[in-house]
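Since the structure comes first, as structure tokens, the remarks are kept for the end.
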Amino acid sequence: MDAAGKKKPDKGVTPQSTDFSAWYNEVVLRAELADRGPVKGTMVIRPYGYRIWELLQAELDARIKATGHQNAYFPLLIPENHLRREAEHVEGFSPELAVVTIGGGKKLDEPLVVRPTSESIIGEMFSRWISSHRDLPLLLNQWANVVRWELRPRLFLRTTEFLWQEGHTAHTSEDDAMGETMVALRFYEDVARNVAAMPVIPGEKTPGERFAGAARTFTIEAMMRDSRALQAGTSHYMGQNFAKAFDIRYTSDAGAVEYCHTTSWGMSTRMIGGIIMTHGDDKGLVLPPKLAPYQAVVVPIGRADSLEASVREGDALVSRMEAGGIRAHLDRRSVSPGFKFNDWEMRGVPLRLELGPRDLAAGLVTVANRLTGDKDQVPLESVESAVRNLLAEIQDEMLAAATQFQDDRTSSVSDWTTFAARVSSGFALALHCGERACEEQIKVATTATARCVPLSAPAEDGQCVRCGNPAAYGRRVLFGRAY
RNA sequence: CGGGGAGUGGCGCAGUGGUAGCGCACCUGCUUUGGGAGCAGGUGGUCGGGGGUUCGAGUCCCCCCUCCCCGACCA
């Protein structure tokens with residue numbers, strides 16, 4: 001900084017209000033979450049970003065297993081004709097497929113598709129494994145990578161290859177399968193709200209936004225800090241579409257041969273992009289404590305002897321916190337304290353513990369809160385409990401703040417002018433006729449799309465906000481501009 | 001695929017025909033350390049690729065490629 005306070009280049013990040021996209025890209029790169037791969041649309045997830053994914057995975061995996069699902073793994077390569085068996089499914093995915101045509105140096109008789117999702121190969125296997133109602137329900141999940149050729153990639157949000165979890169289940173009845181669809185939707189909601197501190201609106205997709213081949217598609221929609229919507233997880237009831245396409249049949253207890261009802265549901269590394277855009281500020285990332293690779297970082301301060309003393313005490317402090325289940329880290333890099341302060345703020349670490357001669361002399365530690373910016377001193381001996389309490393507080397405050405942000409920008413509207421204005425900087429809850437052509441008109445006029453029909457919306461009848469025809473769905477539809 | 005930008009050291013940029021430069025980062029040394037440290041010295045570039053014009057091209061001409069942003073498609 002010079003006397004005028006002008007920033008040197010390469011210091012902070014572009015403010016959100018100046019250019020949200022630039023802010024996002026810079027934060028992802030500067031916080032070392034990810035980098036671009038040599039092939040367009042590919043992403044290298046760096047250790048700090050991958051750790052967030054691992055923490056998210058652990059939370060999600062525990063919920064998946066707790067509801068009776070088992071993990072398995074299916075192949076990356078799928079015969080092209082498998083994919084073709086479900087007409088809508090192929091049609092939906094064919095534009096974004098990567099296809100392998102050469103193997104072992106020879107042109108393949110039949111091209112192999114790199115999975116864009118695994119409904120088809122899992123359907124194929126389900127048909128082999130299921131023959132009796134006693135085999136049902138079959139509840140599987142896999143953690144995998146998938147490839148969808150993206151025209152306009154963005155780190156985490158839309159990459160050509162991404163990581164996710166895909167659940168696939170088969171049931172005897174529509175009721176069971178629908179119940180399963182909602183179980184999955186509920187644990188996505190739970191993970192988003194209570195782990196990522198991301199308020200979400202669960203609801204059903206309109207027919208125009210439905211997954212290719214699904215009978216019903218459910219989603220959790222979140223609002224980013226630029227007021228745009230992000231689909232953070234989806235759950236599909238496939239009806240008997242895939243069962244018929246892949247011949248997934250069973251003999252019922254009454255002796256009749258029936259088609260199964262199947263489901264699939266997924267949450268991906270896109271969720272990390274959602275976390276960045278839900279909580280981040282102009283100083284960089286702000287991570288919810290439950291997903292922060294480091295929940296507390298100790299920065300030792302001092303010169304020569306006093307630095308050694310700080311490091312020694314910091315080391316002991318980190319050990320105590322780790323023993324107490326807190327993810328803590330001592331920053332021993334030989335750069336200035338000020339640099340470290342900014343660096344850890346960029347990386348979104350919830351709590352920074354500054355430990356210098358002044359603190360040590362008084363038996364204190366300075367605790368800086370990433371969310372509020374507050375700095376307080378706490379006695380060395382009670383750091384562990386203070387940190388634990390602060391982490392819980394920050395987790396709660398982050399959800400509260402994000403909820404407030406979303407609520408402030410979401411409103412029920414019933415006339416077209418108000419709708420257009422609302423949707424330009426938030427979400428509109430409006431009645432809609434349910435016609436695809438009308439949805440399309442809304443998109444053309446406002447760039448907003450129907451995000452979902454929120455499950456929580458009360459029953460309501462009336463006229464479509466745009467065309468005035470009788471409303472469909474029996475409740476309001478959530479509209480917003482989406483990622 | 002449409003519109004708009006940009007390709008020069010790891011990053012950000014300057015360089016309108018005449019010996020490739022600056023800041024940051026990096027390396028070495030010394031001094032430093034409570035909000036992005038200072039000084040000194042140093043390493044590093046087939047200027048996105050190919051062709052052409054010219055005595056001479058980062059610079060002018062032609063072709064191609066890539067990346068970013070905004071739209072259409074999507075977790």
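Here is the naming used below: chain letters follow the sequence lines, and residue numbers restart at 1 for every chain.
- Against RNA chain B, the stretch residues 300-312 of chain A makes heavy-atom approaches under 4.0 Å through A:I301, A:G302, A:R303.
- Across the C1' atoms, B:G29 and B:G9 are found 24 Å apart, a figure rounded to whole Å.
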Review item, nucleotides 1-9 of chain B N/O atoms under 3.5 Å of protein N/O:
none

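- The separation between A:R210 atom CZ and B:C73 atom P is 17 Å, rounded to whole Å.
- For the side-chain contact (heavy atoms from CB on, under 4.5 Å) test, residues two or more places apart in sequence or in another chain that qualify with A:S120 are A:I78, A:H82, A:L83, A:F246.
- Separating the CG atom of A:D376 from the C1' atom of B:G34 is a distance of 16 Å, rounded to the nearest angstrom.
- Nucleotides B:G41 and B:C24 place their P atoms 14 Å apart, quoted to the nearest Å.
- B:G3 and B:A57 have their C1' atoms separated by 32 Å, with the value rounded to a whole Å.
- For the salt bridge (charged side-chain N to carboxylate O under 4.0 Å, His left out) test, no residue two or more places apart in sequence or in another chain qualifies with A:E435.
- Separation of atoms OG (A:S227) and CZ (A:R409) is listed at 7.5 Å; rounding is to 0.5 Å.
- Side-chain N/O atoms of A:K340 and base N/O atoms of B:G34 include no donor-acceptor pair closer than 3.5 Å.
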_Could you walk me through whether A:R451 and A:E221 satisfy the side-chain contact (heavy atoms from CB on, under 4.5 Å) test, starting with their C-alpha distance in whole Å, then the side-chain angles of each, then the deciding distance to 0.1 Å, before giving a yes or no?_
CA-CA 7 Å; A:R451 302 319 306 151; A:E221 297 286 327; 3.2 Å; yes
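- For A:R63, the side-chain contact (heavy atoms from CB on, under 4.5 Å) partners are A:E59, A:F187, A:D190, A:V191, A:V195, not counting sequence neighbours.
- Judged by the 6.0 Å and 45° rule, A:R46 forms no cation-pi pair with A:Y50.
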Practice item. Evaluate salt bridge (Lys or Arg N to Asp or Glu O under 4.0 Å) for A:R210 paired with A:E204, printing each intermediate quantity in order. Key: CA-CA 9 Å; A:R210 213 179 266 152; A:E204 181 166 4; 5.2 Å; no
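- Classification of the A:W164-A:F162 ring pair by plane angle, with boundaries at 30° and 60°, yields perpendicular.
- Checked against side-chain contact (heavy atoms from CB on, under 4.5 Å), A:L112 has the following partners two or more places apart in sequence or in another chain: A:L77, A:V100, A:L108.
- The CD atom of A:E32 sits 13 Å away from the C1' atom of B:C11 (whole-angstrom rounding).
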Review item, nucleotides 27-31 of chain B N/O atoms under 3.5 Å of protein N/O:
none

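- Electrostatic pairing of A:R320 and A:E384 does not count as a salt bridge here, judged by no charged N lying under 4.0 Å from a carboxylate O.
- Using the six-membered ring where Trp is involved, A:F479 and A:F419 have ring planes that are perpendicular, over 60° apart on the 30 and 60° scheme.
- When the C1' atom of B:A75 is taken as reference, atom CG of A:L230 falls 9 Å away, rounded to whole Å.
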Can you give me every donor-acceptor pair (side chain of residues 91-98 of chain A, partner residue at least two apart or in another chain, under 3.5 Å) with its distance?
from, atom 1, to, atom 2, distance (Å)
A:S94, OG, A:V90, O, 3.3

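- Cation-pi geometry between A:R352 and A:F341 is met: the NZ or CZ atom falls under 6.0 Å from the ring centre, inside 45° of the normal.
- Here the nucleotide nearest the side chain of A:P337, chosen from B:A75, B:C74, B:G34, is B:G34.
- At a threshold of 4.5 Å between non-hydrogen side-chain atoms, the residues A:M346 and A:V13 count as touching.
- A heavy atom lying under 4.0 Å from RNA chain B marks the following residues of residues 351-372 of chain A, by number: A:R352, A:E354, A:G356, A:P357, A:R358, A:D359, A:T366.
- Taking the nucleotide of RNA chain B with the nearest heavy atom to each of A:R481 and A:N342, the more 5' of the two is matched to A:N342.
- Between the CZ atom of A:R333 and the P atom of B:G36 there is a distance of 15 Å, given to the nearest Å.
- Residue A:R36 is the one, among A:R36 and A:G266, whose nearest nucleotide of RNA chain B lies closer to the 5' end (criterion: closest heavy atom).
- Between the CE atom of A:M43 and the P atom of B:A75 there is a distance of 16 Å, rounded to whole Å.
- When the nucleotides B:A75, B:A37, B:C69 are ranked by their closest atom to the side chain of A:R158, B:A75 comes out on top.
- Distance noted for atom P between B:G49 and B:G58: 11 Å (whole Å).
- A close approach under 4.0 Å does not occur between any side-chain nitrogen or oxygen of A:R154 and OP1 or OP2 of B:C74.
- Side-chain atoms of A:F339 lie closest to B:G36 of the nucleotides B:C74, B:G36, B:G35.
- Between A:R84 and A:E80 there is a salt bridge, since at least one side-chain N of the basic residue sits less than 4.0 Å from a carboxylate O of the acidic one.
- With a 6.0 Å radius and a threshold of 12 heavy atoms from other residues, nucleotides or ligands, A:R154 has its CZ atom above the threshold.
- The aromatic ring of A:F162 stacks onto the base of B:A75, its centre lying under 5.5 Å from the centre of the six-membered base ring with the two planes under 30° apart.
- Within residues 277-293 of chain A, no residue places a heavy atom under 4.0 Å from RNA chain B.
- Comparing the same atom, P, in B:G50 and in B:U66 gives a spacing of 16 Å after rounding to whole Å.
- For A:K443, the side-chain atoms get nearest to B:A72 when compared with the rest of B:G36, B:A72, B:C69.
- At a threshold of 4.0 Å, the pair A:R51-A:E54 counts as salt-bridged, since one of the basic side-chain nitrogens sits closer than that to a carboxylate oxygen.
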Annotated structure of RNA chain B as dot-bracket, pair cut-off 3.5 Å, Watson-Crick or G-U only, | for inter-strand, is ((((((((.[[[[.)..(..]]]].((((((.....)))))).....[[[[[..)....]]]]])))))))....
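- Spacing of P atoms, B:G15 relative to B:A6, comes out at 12 Å, to the nearest Å.
- Between the CG atom of A:D35 and the P atom of B:C67 there is a distance of 14 Å, rounded to whole Å.
- Spacing of C1' atoms, B:G45 relative to B:C63, comes out at 25 Å, to the nearest Å.
- Ring centers of A:H168 and A:F74: at least 6.0 Å apart, outside the cut-off.
- Ring centers of A:W344 and A:Y294: under 6.0 Å apart, within the cut-off.
- One atom, CD of A:E440, and another, C1' of B:C73, lie 12 Å apart when rounded to the nearest Å.
- A search for side-chain hydrogen bond (donor to acceptor under 3.5 Å, both in side chains) contacts involving A:D343 returns A:R333, A:R347, not counting sequence neighbours.
- Using a 4.0 Å cut-off between a side-chain N of Lys or Arg and a carboxylate O of Asp or Glu, A:R370 and A:D281 qualify as a salt bridge.
- Across B:C11 and B:G36, the matching C1' atoms stand 16 Å from one another, rounded to whole Å.
- For A:S268, no side-chain nitrogen or oxygen approaches OP1 or OP2 of B:A75 to under 4.0 Å.
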